[in-house]
2 protein chains.
Amino acid sequence: MAVELRTSQALKLLHDLALDQVRDSEPDLTQRQLAILLTVYLEVPPHTVRGLAAKLGVTKPVITRALDTMGKLGLVTRRRDETDRRNVIIQRTVRGSLFVERLGDLVAARARELPV
Amino acid sequence: MAVELRTSQALKLLHDLALDQVRDSEPDLTQRQLAILLTVYLEVPPHTVRGLAAKLGVTKPVITRALDTMGKLGLVTRRRDETDRRNVIIQRTVRGSLFVERLGDLVAARARELPV
DNA sequence: AGAGAATAATACGCGGGCGTAACGATCCCG
DNA sequence: CGGGATCGTTACGCCCGCGTATTATTCTCT
C-alpha cells in the first residue's frame, strides 16, 4: 500500500523539516548538493561526474564543486577509475552514511508526528 | 492514525524531490526562505520580521533579505502595521498561495509513488 | 515634551555557488 | 603512433546570502 499523505500534511512536513534544518544550522547543503549526495547513497554504483551531471541535468563543474564541498565535509570521496583513468568514481563514506541515515530518520520521525 | 514512513522511504522521497527541484530549475528558494514562506502560509497571522526572526532563530536582516527576494518573486508582500508603524506585516499573495499548494501537491504525489 | 527602547532597513566586506570558457590528462582508433 | 574525442578540473567574473554594525522611524513612559 502506498504512502498516503494529504497536501496539508505534506506542507506541514516540509515546514517542520525546514524549521529543523534552519534552527540546527548544520552544514546546510544546497539542494543540488543534497540531490548528488542522495543519488550517490541510494542508487547503485559506480557514480561518475559525467553520470551525475547528466542525471541532474547540470554542467560538470557544478558536480565538481559540489564534490569539493561535500568532500571537505567528509560526506563523500573521490577515487580515480583505474580501468579508465579519465573517470573519477565517487564513493560513500562512513560519515556520509551516518548523515544520510540520520536525515532519513528525521524525516520519518516528523512524518509520524503529523496530525491525522 | 499517523503517517507511516520508513527511513528508506523517507530518503527516496527526499531524493525524488531534490531531483525534481534541481531539474525544474525553478526560482530555487533557500532553506531559510522556504521556512519563512511556509511559516507565513501555514501559521496564523499576523507575521512580523521580528516574530519570524525569533521563530527561526536567525537575525532580522536575514528575514528582511529573504522577504526582499521572495517579494521580487511575488510570493509575499509587506505592509506597514498601522496600529504600530514600527512593525511590518508580511502578507500572502495569490502567486504565493499557488506556489505553496503546488509544492504540497508535488510532495504528496511523490509520497504516493513510493514503493511499499 | 523628551529620553530611551524597539522595530525594520541598510551598509559593508566576506564567502561560496553559478555559467562559460579554457585546460591537461587519458583514451580510442584508423 | 598520432590526431581527435572524452573526462574532470580550473579560471574568471558575477550574483547572492551571510553576520555585524549602524541608521531612520516610531513608540513608550515619565
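Naming convention: chains lettered A, B, ... in sequence-line order (proteins, then strands); numbering from 1 in each chain.
Atom CD1 of B:I63 and atom C1' of C:dT7 are 14 Å apart (whole Å). Atom-to-atom, CG of B:L67 to P of D:dC18 comes out at 12 Å; the value is rounded to the nearest Å. Straight-line distance from the CG atom of A:L73 to the P atom of C:dG16: 10 Å, rounded to whole Å. Residue A:K60 contributes atom NZ, which lies 17 Å from atom P of D:dA11 at whole-angstrom precision. As rounded to whole Å, 14 Å separates atom P of C:dG17 from atom CG of A:L34.
Using a 4.5 Å heavy-atom cutoff, the side chains of B:I90 and B:I36 are not in contact.
Residues A:L34 and A:L29 share a closest heavy-atom pair of N-CB, 4.4 Å. Closest non-hydrogen pair, A:Q33 versus A:A66, comes out as CG-CB, 3.9 Å.
Within the 4.0 Å cut-off from OP1 or OP2 of C:dA9, at least one side-chain nitrogen or oxygen of B:T64 is found. For the OP1/OP2 pair of C:dG16 and a distance below 4.0 Å, the side-chain nitrogens and oxygens of A:T30 include no atom meeting the criterion. Contact between the side-chain N/O atoms of B:Q33 and the OP1/OP2 oxygens of D:dG17 is found at a separation under 4.0 Å.
One finds no salt bridge joining B:R32 and A:D28 here, because no Lys/Arg side-chain nitrogen approaches an Asp/Glu carboxylate oxygen to under 4.0 Å. Looking at B:K12 and B:D16, a side-chain N of the basic residue comes within less than 4.0 Å of a carboxylate O on the acidic one, giving a salt bridge.
Counting any heavy atom pair closer than 4.0 Å across all strands shown, A:Q31 reaches no nucleic acid atom.
Comparing C:dA9, D:dT9, D:dC7 by their closest approach to the side chain of B:R78 singles out C:dA9.
No side-chain donor-acceptor contact under 3.5 Å links A:T39 and A:H47. Side-chain polar atoms of B:T7 and A:D105 form a donor-acceptor pair below 3.5 angstrom.
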Report, as a single string ordered 5' to 3', how protein heavy atoms within less than 4.0 Å touch nucleotides 19-30 of chain D: B base, S sugar-phosphate only, - not at all. BBB----BS---
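Mapping A:A66 and B:R50 onto DNA chain C via the closest heavy atom, the residue that lands nearer the 5' end is B:R50.
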